[in-house]
Amino acid sequence: MTPPVIGAKAQRSFAGPLLAFPVTFWLLLTFAAPFAVLTLLSLHEYPDPFGPIIQPPSAAQFISIFSDEFLVRIIVETILLGAGVTALTVLLGYPLALWLVRLPLKWRPLAFAVILIPLLTNVVVRSLGIVLLLAPDGLINQVLSIFGIPPFRQMLYTHGAVALALAQVFMPFMVLALYDVLQGTSPRVHEAAESLGASRIVRVFLVDLPLSLPGLRAGIIIVFLMASTAYVSATLLGGKKVWTTGMLVWQEALQNLNAPMAAALALVMTLASTIFALLVIGITRKLTPWKSGAPGSFRSLPGWLLKVLDLFGPVLGKLLLASSLLLLLLPLVLVMIQSFNDVPQATVAGFRAFTLKWYERVLFGGAYAASFRISVQLAAATAVLAIGLALPAAFALSRHRFRGLTALSAFWTLPLSLPHVAIGVGMLKLLQAFTAIPPFLGMLAVHVVLVLPFSIALLQASVEQLDKAQEDAAASLGASAPARFLWVIMPGLAPGLVAAGIMSFLISFGEVTVTSFLTTARMTTLPVRIYAEASFSLEPTVHAVSAILIVVTVLLLMVLNRLVRLDRLYAR
């Protein structure tokens, strides 16, 4: 029997779902499945490392959490810490985002590098820089001594130190979220406000701030989510005197082998983050009624407040901008300097003497070679696989419209909206259940999940910039679909593919949070090893390794800027 002929319109209707299938299937296996396992683990009555995943459900773990005063106190402190870090990133990130938008176009790539270098640098490296800044003999106390001010001995191992470190780590996310909205504001809006007599600082509060609320909302949610589940910076800056829920999850999962408790704690923080996100979304909707088509009313500021803003606003804005730039870059500079410092321990901040012995141990001692090789292999495989999955998804988003596309798009970005510790605990249990899966493949699966949202966003922008007329011209000349893809589409996508590859490589190479759950004695990545050494031995070789990673990141960003201007990389 002759099969029915499928028309071109029907073929196009199937093309979108087929292109969306690979990345959806991957996320179902490597993201949704671990999260489902996490949920099942949290319902176990008692810990059993060798027991089945599916057991009769019990609320014992949650009852144990909320009946333990210590755990409740840590959860509350973590939520307050996340809120404080979020407020600090808003305070420092908003002036920085405005500065980026107002810069001349020729200087924006350099300014964007200031944001991307810390963002793509290992979180352990940045935390070590904060240690050098706040240590008893660190830079802050050295500067204070010049003016005869007694040193502050208790800056480290406090909630303030942890908050500062987390703000430095997550501020780039806030800046990028705000920049994406601020750079889309029409100049005519500012011209109209200026013609009505509004000064520059008043325009920030009455024009820029209301219009940027959607970006501010996204930045607040992302920063709070990450800050409330972070444990790497909290471990290094808290010194076991400051505890967070993320640290408890890590301890219960890897030290106490109590996966049900770790899963329950991760779910509690996921629920707290979800409630916080819903509150932020609700408040933002009330503040932006015009987004939903409802009439809005103009609300000005009291006259006395406008005068205060005009008087002190410009100076305060410059101070906040300088503070944000220093917070982003100074810790990295201190790490670079410390890598040449002849000191017995990494935390000894005062410069003693110049030496290259730490680099000699790193480059010729061989102690880091295996971890470096694993990190490179993992990051390279992650970049290739992520691009292979993200490219069809980018075409599905850009060129096809089918039922369920909006829901799928939201699902593809979901890894950005859930705590990474939750993904780590779920994947750890899956790998324990399926021991035949090599640890490398488990880490690869999770790394691809973490970089997919970035890869899809970058490649979608590249696909939308393709000239469809060139493809139609090639088709009219008889070029087949594979030939058009190879000789017309791929050359146009080349810059975007390289950009997505470099970004995926850097994100994967520096990942610590999830990787530390899945690492083994023979399969330890370089960032996880740095984190382990920084937590225990603190030999200055850590700074030499970190300095090399910073230089490599800078060089890769220079290559990336030659292909795609850094200021267009995110917002184009």
Side-chain angles (χ1 to χ4, degrees), residues 20-65 225-226 228-229 245-246 248-250 252-254 256-275 277-278 385-386 389 393 404 406-439 441-453 456 511 513-518:
F21 176 76
V23 67
T24 304
F25 182 71
W26 182 272
L27 288 175
L28 286 173
L29 286 180
T30 60
F31 174 68
F35 196 78
V37 169
L38 180 84
T39 304
L40 292 173
L41 282 174
S42 68
L43 298 176
H44 287 192
E45 184 175 0
Y46 55 87
D48 185 1
F50 304 103
I53 295 177
I54 300 178
Q55 296 183 15
S58 171
Q61 302 302 329
F62 295 98
I63 294 174
S64 177
I65 290 174
L225 171 70
M226 294 182 171
S228 61
T229 57
T245 309
L248 290 176
V249 172
W250 192 91
E252 292 292 340
L254 299 182
N256 299 341
L257 300 181
N258 191 346
M261 177 59 73
L265 285 168
L267 280 183
V268 168
M269 290 311 301
T270 301
L271 179 61
S273 300
T274 303
I275 294 173
L278 292 175
L385 190 53
L389 293 170
T406 303
L408 284 178
S409 177
F411 176 61
W412 296 343
T413 60
L414 203 56
L416 293 177
S417 306
L418 292 176
H420 289 177
V421 291
I423 303 173
V425 173
M427 181 58 73
L428 175 64
K429 188 62 179 180
L430 272 181
L431 292 178
Q432 290 173 346
F434 299 96
T435 54
I437 301 177
L441 293 183
M443 287 191 287
L444 175 63
V446 173
H447 278 225
V448 172
V449 168
L450 298 180
V451 305
L452 268 176
I456 292 174
E511 212 291 317
T513 304
V514 178
T515 312
S516 62
F517 282 89
L518 308 177

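Quick caveat: nothing in here was measured; it's all calculated off a predicted structure.
- Distance alone, capped at 3.5 Å, is enough to place a donor-acceptor pair between the Glu511 side chain and the Val514 backbone.
- No side-chain donor-acceptor contact under 3.5 Å links His44 to the backbone of Ala259.
- Here the side chains of Leu225 and Thr270 are not in contact, with every heavy-atom distance at 4.5 Å or above.
- With contacts defined as side-chain heavy-atom distances shorter than 4.5 Å, the pair Phe411/Phe31 qualifies.
- Between Val23 and Ile456, the shortest heavy-atom distance links the atoms CG2-CD1, 4.1 Å.
- Looking only at side-chain heavy atoms (C-beta outward), Met269 and Ser228 come within less than 4.5 Å of each other.
- For the pair Pro260 and Tyr46, the minimum side-chain heavy-atom distance is 4.5 Å or more.
- The number of heavy atoms from other shown groups lying within 6.0 Å of CG (Leu271) is above 12.
- Summarising the geometry of Gly442 relative to Ile437, their closest heavy-atom pair is N-CG2, 4.4 Å, with the distance given to 0.1 Å.
- In this structure, the separation between CG on Leu518 and CG on Leu441 is 11.5 Å, given to the nearest 0.5 Å.
- Residues Val249 and Ala266 share a closest heavy-atom pair of CG2-N, 3.9 Å.
- One distance of note links CG of Leu450 with CD1 of Ile423; it measures 5.5 Å at 0.5 Å rounding.
- In this structure, Ser42 and Phe62 approach most closely via the heavy-atom pair O-CE1, 3.5 Å.
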Q: Begin from the C-alpha positions of Val449 and Met427 and carry the test side chain to side chain contact (heavy atoms under 4.5 Å, CB included) through to its verdict.
A: CA-CA 12 Å; Val449 168; Met427 181 58 73; over 6 Å; no

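- To the nearest 0.5 angstrom, Lys429 atom NZ is 12.0 Å from Leu38 atom CG.
- Atoms CG and CG, from Leu408 and Leu414 in turn, are 12.0 Å apart once rounded to the nearest 0.5 Å.
- In this structure, the separation between CG on Leu428 and CG on Leu41 is 9.0 Å, given to the nearest 0.5 Å.
- Judged by distance alone, with hydrogens and angles left aside, the side-chain atoms of Glu252 form no donor-acceptor pair with the main-chain N or O of Leu257 at under 3.5 Å.
- Contact record, Gly424 with Phe517: O-CB, 4.0 Å, taken as the closest heavy-atom pair.
- Remark: Ile53 CD1 to Thr39 OG1 distance equals 12.0 Å, nearest 0.5 Å.
- Side-chain atoms of Leu389 and Trp412, non-hydrogen and from C-beta on, never get closer than 4.5 Å to each other.
- Formation of a donor-acceptor pair under 3.5 Å by the Ser64 side chain with backbone atoms of Ala60 is not found in this model.
- Looking only at side-chain heavy atoms (C-beta outward), Val268 and Thr245 stay at 4.5 Å or farther from each other.
- Heavy atoms only, all atoms of each residue included: Ala386 and Leu452 are closest at O-CD2, 3.7 Å.
- For the pair Thr30/Val446, no side-chain contact is recorded, criterion being any heavy-atom separation below 4.5 Å from C-beta on.
- Contact annotation: the side chain of Met261 approaches that of Ile65 to within less than 4.5 Å [non-hydrogen atoms, C-beta and beyond].
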